[in-house]
Amino acid sequence: MMNRKTTAAVVSAAALCAAGASAYAYWSGEPATVHSLCSPDLSRPEYVAAFAHQVAIGTVTERVGYRANGPGRGDDQGGVIVSKFSVDRVLKGEPPAVVTLAQAARRQADGSFTTYEPQIQVLEPGQRYTVAIGKSVEEGGMWVWGADEISGPGAVSREEAWVKAVGSRTPIPESTACDDVIDVG
């Protein structure tokens with residue numbers, strides 16, 4: 001899960017960007033609109049489960065591909081991994097038996113991948129995961145909001161933790177339900 005220092009850094013950076021844009025608009029004399037990006041609190045499974053439209057347990061059957069972002073489609077800006085996921089157990093929503101999933105990732109020098117959020121693990125073929133799925137579609141796949149590998153030691157307790165998180169019906173924290181648009185000028 002995201003630690004408090006990371007959360008504080010992200011919130012501080014967002015506030016600094018909004019303040020900088022507001023100051024620029026004020027001193028430039030031109031009308032401007034400032035938007036802020038609001039993303040879900042991914043620090044606790046119950047928040048991820050509350051934000052997700054679907055939560056399922058299953059196995060990644062194949063990696064369909066990877067598309068790099070950025071100018072020239074280089075890996076310097078990261079990209080999107082698309083994978084096929086076979087659902088064994090539905091915890092929330094009504095996902096199909098096989099779901100195409102998309103997740104933000106960055107290719108490493110050795111050809112492996114890493115994600116931007118430590119609590120969202122890179123989906124690897126043949127591994128079993130609990131996956132929190134958003135409703136938006138990216139690169140032909142449903143967007144991954146959370147991925148927790150549940151293979152190996154501790155798998156049963158991690159799986160049950162997700163069952164409990166979904167069952168808690170925790171409301172989405174207000175801080176994630178933003179609609180911040182500020183007209184300056």
Side-chain angles (χ1 to χ4, degrees), residues 1-14 16-17 37-49 51-89 91 95-163 165 176:
M1 296 296 134
M2 189 164 30
N3 65 35
R4 289 187 178 157
K5 287 182 182 178
T6 303
T7 302
V10 169
V11 170
S12 297
L16 184 60
C17 288
L37 173 63
C38 298
S39 61
D41 179 354
L42 301 176
S43 66
R44 296 178 25 198
E46 56 270 24
Y47 290 166
V48 176
F51 188 80
H53 292 273
Q54 302 171 41
V55 179
I57 296 171
T59 303
V60 176
T61 57
E62 71 175 298
R63 179 167 292 146
V64 177
Y66 171 76
R67 183 186 65 79
N69 294 329
R73 302 285 182 197
D75 286 329
D76 57 326
Q77 299 297 315
V80 177
I81 296 173
V82 179
S83 302
K84 294 283 185 185
F85 182 76
S86 178
V87 175
D88 300 330
R89 183 176 180 188
L91 302 181
V98 176
V99 183
T100 302
L101 297 174
Q103 73 179 143
R106 182 170 285 159
R107 188 188 314 254
Q108 303 299 297
D110 66 0
S112 66
F113 294 94
T114 184
T115 60
Y116 297 94
E117 298 288 341
Q119 71 280 8
I120 302 176
Q121 299 169 354
V122 174
L123 298 174
E124 297 290 348
Q127 299 301 313
R128 191 169 159 78
Y129 297 88
T130 300
V131 177
I133 307 166
K135 79 175 181 182
S136 64
V137 176
E138 180 76 29
E139 297 299 316
M142 301 299 289
W143 196 250
V144 175
W145 277 113
D148 185 15
E149 185 178 356
I150 55 171
S151 303
V156 173
S157 63
R158 286 197 305 280
E159 183 172 331
E160 290 310 312
W162 277 97
V163 170
T176 65

Any side-chain heavy-atom pair of L123 and I81 under 4.5 Å: no

task: Taking side-chain contact (heavy atoms from CB on, under 4.5 Å) as the test, write out the residues that go with E124, two or more places apart.
output: R63, V122, Q127, Y129

task: State the CD-CD1 distance between Q103 and I133, to the nearest 0.5 angstrom.
output: 11.5 Å

- line: Here the gap from Q108 atom CD to R106 atom CZ, rounded to the nearest 0.5 Å, amounts to 8.0 Å

task: List the atom of A132, the atom of V48, and the distance in Å for their closest heavy-atom pair.
output: CB-CG1, 3.4 Å

- request: Look at the side chain of T115 and the backbone N and O of I120, then say whether any donor-acceptor pair between them is shorter than 3.5 Å.
  value: yes

Nearest-0.5 Å distance, CD1 of residue I150 to CD1 of residue I57: 4.5 Å

- prompt: For residues 51-60, which residue pairs qualify under salt bridge (Lys or Arg N to Asp or Glu O under 4.0 Å), counting only residues two or more places apart or in two chains?
  reply: none

task: Grab the two heavy atoms, one from Q54 and one from P96, that are nearest each other, plus how far apart they are.
output: OE1-CD, 4.4 Å

query: Less than 4.5 Å apart, any side-chain heavy atom of Q121 and any of D148?
result: yes

query: Can you name the closest pair of heavy atoms from A56 and P95 and give their distance?
result: CB-CG, 4.1 Å

- request: Take the angle between the ring planes of Y66 and F113 and call it parallel below 30°, perpendicular above 60°, tilted in between.
  value: tilted

- prompt: In Å and rounded to the nearest 0.5 Å, what is the NZ to CG distance from K84 to L101?
  reply: 9.5 Å

- request: With V131 as reference, evaluate W145, W162, F85 under the side chain to side chain contact (heavy atoms under 4.5 Å, CB included) test and give the passing residue.
  value: F85

task: Tell me, please, which residues at least two apart from E159 pass salt bridge (charged side-chain N to carboxylate O under 4.0 Å, His left out).
output: R89, R128

